[in-house]
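Atoms within each ligand, like the ligands themselves, are counted from 1 in listed order. Keep in mind that the numbers below use all heavy atoms, side chains included, and drop hydrogens, waters and symmetry copies.
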Amino acid sequence: MKQKIAIVLALLLALLQTGCSQRPIAAQSFALDTLLSVTLYEGGSMEIAQEALTIADESERVFSARREGAELYAVNEARGGELSASLCRAIEKGLFIAEQSGGAFDIGLGAISSLWNFSGESPSLPDEGALADAVPLSGYEQISLGSNTLAFANDAVQIDLGAIAKGFIGDQMKAYLIENGVSSALLNLGGNIVLIGQKDGGDFAVGIENPNNTSKVAGALFASDICISTSSGAQRYFELDGKRYHHIIDRETGYPADSGLASVTILHKEAAVADALSTACFVLGEERALAFLNEHYPGIHAVFIRSDGSVFATDGTPFKQE
Ligand code: ADP
Ligand code: MG
């Protein structure tokens, strides 16, 4: 339903913009299971904006673990093998942050996430036995990456790049746009925002959704030349017997992470890193997330929204609460 509304909105926006070549130049598409938009404020053209969206379309054929025919899907099926350079780099980055976060962010939980099937039409509770079997066989430790080959340590483990792919692709789109003369732009890949340069010589204002009331914003970030990723329990979920099951999984339990947080937003130069870290911090919970960020990413800007609605931003984060 949310997706249908998003498509209708995108069409309306496209209609409104037809025939006017004024700035900003805006293009949208639907890929990677989400609405994507590219808005150019300085440099580039409509063709360049659309070409950037094509990068996302093509990447879906590489990074999707669910789409038959995608490279990652085939690698999971074939239990390893040779990888394209792009998939190899994404997995390498994923394994690095998985290890760094002690598996809070873990690309090796595909066997668990596919049992939940949050991106399917009617997600439901997975079979408990199947989940209990998948948990001990899952995890980044079961995956070994060679220079361009991949091997799995058991028959069950599978790779899921869902928590890093949008960021990784955002970085690729950003590089393409900059190479093609874009000096000010905002890309939105389903909650992963990439800011290129400044807007009108100042900061962009980026609203952060209130995860406890998604028709409202919790506040806004004022920033430029940075990537912003939010992982939220309100992004994708289903409800059963009054309980909400969201799509961010704690691989220790196999169940949705229940860490007292409703969303985490991370700012980082690299969208792939911001994407992975927002997922990691959501799973870790506030206290452990802050210790983790302090150790590995000192000075990083982050906004935590707790389940009770209260907000915590790290020192210096340019966030204004609504
Ligand atoms: P979104 O996709 O809404 O931006 P995330 O970046 O947090 O949110 O990614 C969530 C997706 O990543 C899930 O749909 C699932 O495919 C996968 N995933 C779920 N939990 C984890 C986790 N702890 N570590 C890595 N990937 C995860
Ligand atoms: Mg993520």
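- Residue contacts with ligand 1 include A104, since one or more of its heavy atoms lies under 4.0 Å from the ligand.
- For ligand 1, the polar-atom distance check finds no N/O of L109 at less than 3.5 Å from any of the ligand's N/O atoms.
- Atoms of ligand 1 lying under 4.0 Å from any heavy atom of Q235, numbered from 1 in the order shown and given with element: 3 (O).
- Classified by interplanar angle (parallel below 30°, tilted 30° to 60°, perpendicular above 60°), the ring pair H246/F282 is perpendicular.
- Within the coordination shell of the Mg ion (ligand 2), defined by N, O or S atoms under 2.8 Å, S278 is absent.
- No salt bridge links E209 with K216; every basic N to acidic carboxylate O contact stays at or beyond 4.0 Å.
- Checked against the 6.0 Å centroid threshold, Y245 and F238 count as a close aromatic pair.
- Annotation: K174, atom NZ; neighbour count of heavy atoms from other residues, nucleotides and ligands within 6.0 Å is above 12.
- Salt bridge annotation for D33-R66: absent, with no cationic side-chain nitrogen under 4.0 angstrom from a carboxylate oxygen.
- Between F292 and H296, the ring-plane angle classifies as tilted under the 30° and 60° cut-offs.
- Residue-to-ligand polar distances keep S113 apart from ligand 1: every N/O pair is separated by 3.5 Å or more.
- For atom 5 (P) of ligand 1, the closest heavy atom belonging to the protein is T279 OG1, 3.4 Å.
- Scanning the protein heavy atoms around atom 26 (N) of ligand 1, the nearest turns out to be A163 CB, 3.3 Å.
- Some N or O of D106 is nearer than 3.5 Å to an N or O of ligand 1, by distance alone.
- Heavy atoms of other residues, nucleotides or ligands lying less than 6.0 angstrom from CG of D308 number more than 12.
- Between K166 and ligand 1 there is a heavy-atom distance shorter than 4.0 Å.
- Protein heavy atom in closest approach to atom 6 (O) of ligand 1: D275 OD1, 3.0 Å.
- Within a 6.0 Å sphere centred on CD of E128, other residues, nucleotides and ligands contribute 12 heavy atoms or fewer.
- Looking at I249 next to ligand 1, an N or O pair under 3.5 Å apart turns up.
- Other residues, nucleotides and ligands contribute over 12 non-hydrogen atoms within 6.0 Å of the CD atom of E141.
- With a 4.0 Å heavy-atom cut-off, ligand 1 is reached by the side chain of D160 but not by its N, CA, C or O.
- Counted within 6.0 Å of CZ on F96, heavy atoms from surrounding residues, nucleotides or ligands total 12 or fewer; the atom is thus considered open.
- In this structure, atom 11 (C) of ligand 1 lies nearest to the protein heavy atom G162 C, 3.8 Å.
- Assignment of F118 to the shell around ligand 1 is not supported, since no heavy atom sits closer than 4.0 Å.
- Residue S231 has at least one heavy-atom neighbour below 4.0 Å for each of these atoms of ligand 1: 5 (P), 6 (O), 7 (O).
- Ring centroids of F168 and F63 are separated by less than 6.0 Å, placing the two rings close together.
- Residue T230 places no N or O, backbone or side chain, under 3.5 Å from any N or O of ligand 1.
- When non-hydrogen atoms are compared, ligand 1 lies under 4.0 Å from the side chain of R66 (C-beta onward) but not from its backbone.
- Between the side chain of R67 and the backbone N or O of L32 there is no donor-acceptor pair closer than 3.5 Å.
- Using a non-hydrogen distance threshold of 4.0 Å, H247 registers as a contact of ligand 1.
- The Mg ion (ligand 2) has an N, O or S atom of A163 under 2.8 Å away, backbone or side chain.
- Close approach of ligand 1 to V283 is summarised as follows: ligand atoms under 4.0 Å from at least one heavy atom of the residue are 23 (N).
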